[in-house]
Novice: 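Let me begin by handing over the structure; questions about it come next.
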2 protein chains.
Amino acid sequence: MVSVHAVDIDRTSETPTYRQVANILRERIRSGELKRGDQLPSVHALVIETGLADATIRSAVRVLKDEGLVRTAPGRGVFVC
Amino acid sequence: MVSVHAVDIDRTSETPTYRQVANILRERIRSGELKRGDQLPSVHALVIETGLADATIRSAVRVLKDEGLVRTAPGRGVFVC
DNA sequence: TCTCATTTGTTCGTATGTATC
DNA sequence: AGATACATACGAACAAATGAG
């Protein structure tokens with residue numbers, strides 16, 4: 001598991017919150033902070049950290065999944081591809 | 001669960017899209033294709049199949065619910081009465 | 001084997017804002 | 001003004017897979 005650090009969401013931004021979360025996570029992958037096989041913070045952890053709703057976090061994960069950057073494993077977590 | 005088959009929406013029709021969806025589902029119930037207790041396609045499945053928005057599909061389901069043709073069960077699905 | 005906590009998956013409900021016709 | 005449609009966001013419940021013990 002990799003710690004989450006700050007996930008700062010700008011509620012006033014034009015960018016939807018779920019895309020902000022996706023952008024932050026994507027940048028961590030791109031930068032190498034999150035490497036292949038690393039587990040992302042769980043949906044629950046991100047809910048706590050961001051104060052956003054469960055469904056909103058799931059939307060963010062879906063974006064990265066659709067981009068092929070991560071894969072989800074039911075009962076285990078979300079992992080960098 | 002019952003498969004969805006084609007759900008053809010006519011964007012140019014006078015009939016609102018949500019009513020078109022309601023009409024199609026109603027006809028499947030009337031014809032016996034969908035029987036008492038059968039589960040309708042989920043909102044998500046219909047969103048994918050029709051290309052319409054979540055809220056639009058929900059409007060269609062609400063029509064059938066108001067007519068007493070179906071009942072909704074949160075976390076489970078929509079079922080024929 | 002069984003139980004429990006964790007985690008993702010799936011489902012409907014509700015509300016708000018915006019755009020279009 | 002009103003109806004329709006879409007996007008976003010949050011709430012809630014249930015299911016299924018996993019792993020620890």
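As the structure is a computational prediction, the values presented were derived from the model and not from experiment. Chain identifiers are assigned alphabetically (A, B, ...) following the order of the sequence lines, protein sequences preceding nucleic acid strands; residue numbering begins at 1 within each chain.
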Novice: DNA chain C: B/Pro74 or A/Thr72, which has the more 5' nearest nucleotide?
Specialist: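 Result: A/Thr72.
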Novice: Can you confirm whether the side chains of A/Arg28 and A/Ser31 place a donor and an acceptor under 3.5 Å from each other?
Specialist: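 Not at all, the side chains of A/Arg28 and A/Ser31 share no donor-acceptor pair under 3.5 Å.
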Novice: Which whole-number value in Å describes the distance from B/Asp54 CG to C/dT10 C1'?
Specialist: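 Between C1' of C/dT10 and CG of B/Asp54: 13 Å.
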Novice: Strictly below 4.0 Å: does B/Lys65 bring a side-chain N or O up to OP1 or OP2 of C/dG13?
Specialist: yes
Novice: For a quick check of understanding: with a heavy-atom distance under 4.0 Å over all strands, which category does A/Arg11 fall into, base, sugar-phosphate or nothing?
Specialist: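 Sugar-phosphate contact only.
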Novice: Separation of B/Ile48 atom CD1 from C/dT10 atom P, in whole Å?
Specialist: 11 Å
Novice: Can you give me the closest heavy-atom contact between A/Arg11 and A/Thr17, atom names plus distance?
Specialist: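 A/Arg11 and A/Thr17 have their closest heavy atoms at CD-CG2, 4.3 Å.
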Novice: Which atom names give the shortest non-hydrogen contact between A/Leu52 and A/Val47, and what distance separates them?
Specialist: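 Heavy-atom minimum between the residues: O-CG1, 3.4 Å.
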Novice: Under 4.0 Å, heavy atoms only, any strand: does A/Thr17 hit a base, just the sugar-phosphate, or nothing?
Specialist: sugar-phosphate
Novice: Toward the 5' end of DNA chain D, which comes first, A/Ala55 or B/Ile57, by nearest nucleotide?
Specialist: B/Ile57
Novice: Between C1' on C/dT7 and CD on A/Gln39, what's the gap in Å once rounded to a whole number?
Specialist: 9 Å
Novice: May I ask you to say whether A/Arg62 pairs ionically with A/Asp66, meaning some side-chain N is under 4.0 Å from a carboxylate O?
Specialist: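 Judged by the 4.0 Å cut-off on N to carboxylate O distance, A/Arg62 and A/Asp66 do not form a salt bridge.
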Novice: Distance from A/Arg76 atom CZ to A/Gln39 atom CD, nearest 0.5 Å?
Specialist: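 CD of A/Gln39 is found 8.5 Å from CZ of A/Arg76.
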Novice: How many whole angstroms separate atom CZ of A/Arg19 from atom P of D/dT8?
Specialist: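 From A/Arg19 CZ to D/dT8 P: 6 Å.
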Novice: What is the separation between atom CG on A/Leu46 and atom P on C/dT6, rounded to the nearest whole Å?
Specialist: 16 Å
Novice: Would you indicate which nucleotide in D/dC6, C/dG13, C/dC12 comes nearest to any side-chain atom of B/Val43?
Specialist: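 Selected nucleotide (nearest to the side chain): C/dC12.
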Novice: Just how far, in rounded Å, is P of D/dA9 from CG of A/Asp10?
Specialist: 12 Å
Novice: Return the nearest nucleotide to the side chain of A/Val78; candidates are D/dC14, D/dG19, C/dT8.
Specialist: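 The listed nucleotide nearest to A/Val78's side chain is C/dT8.
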Novice: Choosing from C/dC12, D/dC6, D/dA9, which nucleotide comes nearest the side chain of A/Tyr18?
Specialist: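 Output: D/dA9.
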Novice: Side chain of A/Thr56 only, heavy atoms from C-beta on: which candidate in D/dG19, C/dT8, D/dA9 is closest?
Specialist: D/dA9
Novice: Nearest of C/dG9, D/dA9, D/dA5 to any side-chain atom of A/Arg58?
Specialist: C/dG9
Novice: Choose from D/dG19, C/dT11, D/dC10 the nucleotide whose nearest atom is closest to any side-chain atom of A/Arg76.
Specialist: D/dG19
Novice: How long is the line joining CZ of A/Arg62 and C1' of C/dT11, in whole Å?
Specialist: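 One finds 14 Å between C1' of C/dT11 and CZ of A/Arg62, rounded.
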Novice: For the pair made of CZ in B/Phe79 and C1' in C/dT10, what is the distance, rounded to whole Å?
Specialist: 12 Å
Novice: Closer to the 5' end of DNA chain D via nearest nucleotide, is it A/Ala73 or B/Ala53?
Specialist: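 Taking each residue's closest nucleotide, the earlier one in sequence belongs to B/Ala53.
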